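Notes follow the structure.
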Amino acid sequence: MKALGIVEFNNIPKGIEELDKIIKFNELKIYKAGVTCPGKYYFIVYGDNSSVKDGLKDLTGERCKQIISGVSEKLLEALNRKREDKKFKAIGVVEFLNIADGVKVLDHVIKSVDVDIVKLVLGWTLAGKCYFVVGGETSSIDEAIVLVTGSSYKYMDISKINNPVENILDYI
């Protein structure tokens, strides 16, 4: 089973050092990595479940981390910024304090509810925060919101927009 490991650091040099260390000693691929503001670093690694768990268990200095086992293909596409231009009856926008929680909850939502990922934004220009937008039928967005608000993750804010205006997706 494939998995993602998502790790965030308050210190850029430490984040790069830890990424180098886990790649050298585990069979993992770097899926994404970079600096978020202000001066934070994150990385997302990909591999089999046991390699991701082994790689992340000995990290030091991390601010937060998440492991997503059996990662959804839709989530991988969103991380690569691929999306279809579609019209939706409703959209849901959810903001998180960190990247790891946002990605973990999005994976849970798309595995549990019939929604499409419209957008996923990881940290940059957001002071290390994360937000995602999902679209679908109104009842599906309602279901996604219940799922998020009932989770143990600390989301910052959540909004539902019924019948979004035609070009709003170009501006989110």
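All figures in this text were calculated on a predicted structure; none of them were measured in a lab.
- Looking at residues two or more places apart in sequence or on another chain, you find a side-chain contact (heavy atoms from CB on, under 4.5 Å) between D54 and N26, K57.
- Listed here is the closest heavy atom pair of A144 and V109: CB-CG1, 3.9 Å.
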Any chance you could lay out the side-chain contact (heavy atoms from CB on, under 4.5 Å) test for I68 and V103, step after step, and finish with the verdict? CA-CA 9 Å; I68 303 174; V103 174; 3.6 Å; yes
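- Qualifying side-chain hydrogen bond (donor to acceptor under 3.5 Å, both in side chains) partners for Y31, counting only residues two or more places apart in sequence or in other chains: N80.
- Residues passing the side-chain contact (heavy atoms from CB on, under 4.5 Å) test with I161, sequence neighbours excluded: I91, P164.
- The side-chain contact (heavy atoms from CB on, under 4.5 Å) with I6 is formed by just one residue from the set I99, N98, D101; it is I99.
- Using modelled atom types, one side-chain atom of K74 and one backbone atom of V115 make a donor-acceptor pair closer than 3.5 Å.
- No side-chain heavy atom of V93 sits less than 4.5 Å from a side-chain heavy atom of I158.
- You'll find the side chain of V133 stays beyond 4.5 Å of the side chain of I117, heavy atoms only.
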Evaluate salt bridge (charged side-chain N to carboxylate O under 4.0 Å, His left out) for E8 paired with K40, printing each intermediate quantity in order. CA-CA 7 Å; E8 298 177 54; K40 297 177 184 175; over 6 Å; no
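- Residues passing the ring pair (Phe, Tyr, Trp, His ring centres under 6.0 Å) test with Y41, sequence neighbours excluded: none.
- With hydrogens and angles ignored, the 3.5 Å screen pairs a side-chain donor or acceptor of S112 with a backbone N or O of H108.
- Not counting sequence neighbours, the partners of S51 by the side-chain contact (heavy atoms from CB on, under 4.5 Å) test are E27, L28, D48.
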Which is it for Y155 and E95 under the side-chain contact (heavy atoms from CB on, under 4.5 Å) test, yes or no, and what are the steps along the way? CA-CA 6 Å; Y155 65 93; E95 182 179 11; over 6 Å; no
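- I30 and F25 are not part of a single hydrophobic cluster, where members link through side-chain heavy atoms under 4.5 Å apart.
- When all heavy atoms of A90 and N162 are compared, the pair lying nearest together is CB-OD1, 3.7 Å.
- Heavy-atom neighbours of K89 NZ from other residues, nucleotides or ligands within 6.0 Å: at or below the threshold of 12.
- Applying the salt bridge (Lys or Arg N to Asp or Glu O under 4.0 Å) definition to pairs two or more places apart or across chains, none involves residues 29-39.
- Counting only heavy atoms from C-beta outward, the side chains of I22 and D58 never approach each other to under 4.5 Å.
- With sequence neighbours left out, the side-chain hydrogen bond (donor to acceptor under 3.5 Å, both in side chains) criterion links T60 to K14, E18.
- D107 contributes atom CG, which lies 5.5 Å from atom OG of S72 (distance to the nearest 0.5 angstrom).
- The minimum heavy-atom distance linking A33 with F43 is given by the pair CB-CB, 3.8 Å.
- Screening residues 136-157 for salt bridge (Lys or Arg N to Asp or Glu O under 4.0 Å), with sequence neighbours left out, gives D142-K160.
- Under the 4.5 Å side-chain criterion, counting only non-hydrogen atoms from C-beta, V134 is not in contact with D116.
- With values rounded to the nearest 0.5 angstrom, K104 atom NZ is found 5.0 Å from Q66 atom CD.
- Between the T149 side chain and the V146 main chain, a donor and an acceptor come within less than 3.5 Å of each other.
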Run V94 and L106 through side-chain contact (heavy atoms from CB on, under 4.5 Å) and show every step you take. CA-CA 9 Å; V94 188; L106 178 57; over 6 Å; no
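- Not a single side-chain hydrogen bond (donor to acceptor under 3.5 Å, both in side chains) links K53 to another residue, sequence neighbours left out.
- Applying the salt bridge (charged side-chain N to carboxylate O under 4.0 Å, His left out) test to K65 and every residue at least two apart in sequence or in another chain returns E62.
- With rounding to the nearest 0.5 angstrom, the CG atom of L19 is 11.5 Å from the OH atom of Y42.
- For S69, the side-chain hydrogen bond (donor to acceptor under 3.5 Å, both in side chains) partners two or more places apart in sequence, or in a different chain, are N49.
- In this structure, I44 and L122 have side chains that are in contact, with non-hydrogen atoms separated by less than 4.5 Å.
- Applying the salt bridge (charged side-chain N to carboxylate O under 4.0 Å, His left out) criterion to K24, with sequence neighbours excluded, gives D20.
- A donor-acceptor pair is defined here as one N or O able to donate and one able to accept, closer than 3.5 Å; such a pair exists between the side chain of S140 and the backbone of D114.
- Annotation: side chain of V148 is not in contact with side chain of I145 (no heavy-atom distance under 4.5 Å).
- Using a 4.5 Å heavy-atom threshold, the side chains of C130 and L120 count as touching.
- Side chains of F96 and V105 form a contact here, defined as non-hydrogen atoms less than 4.5 Å apart.
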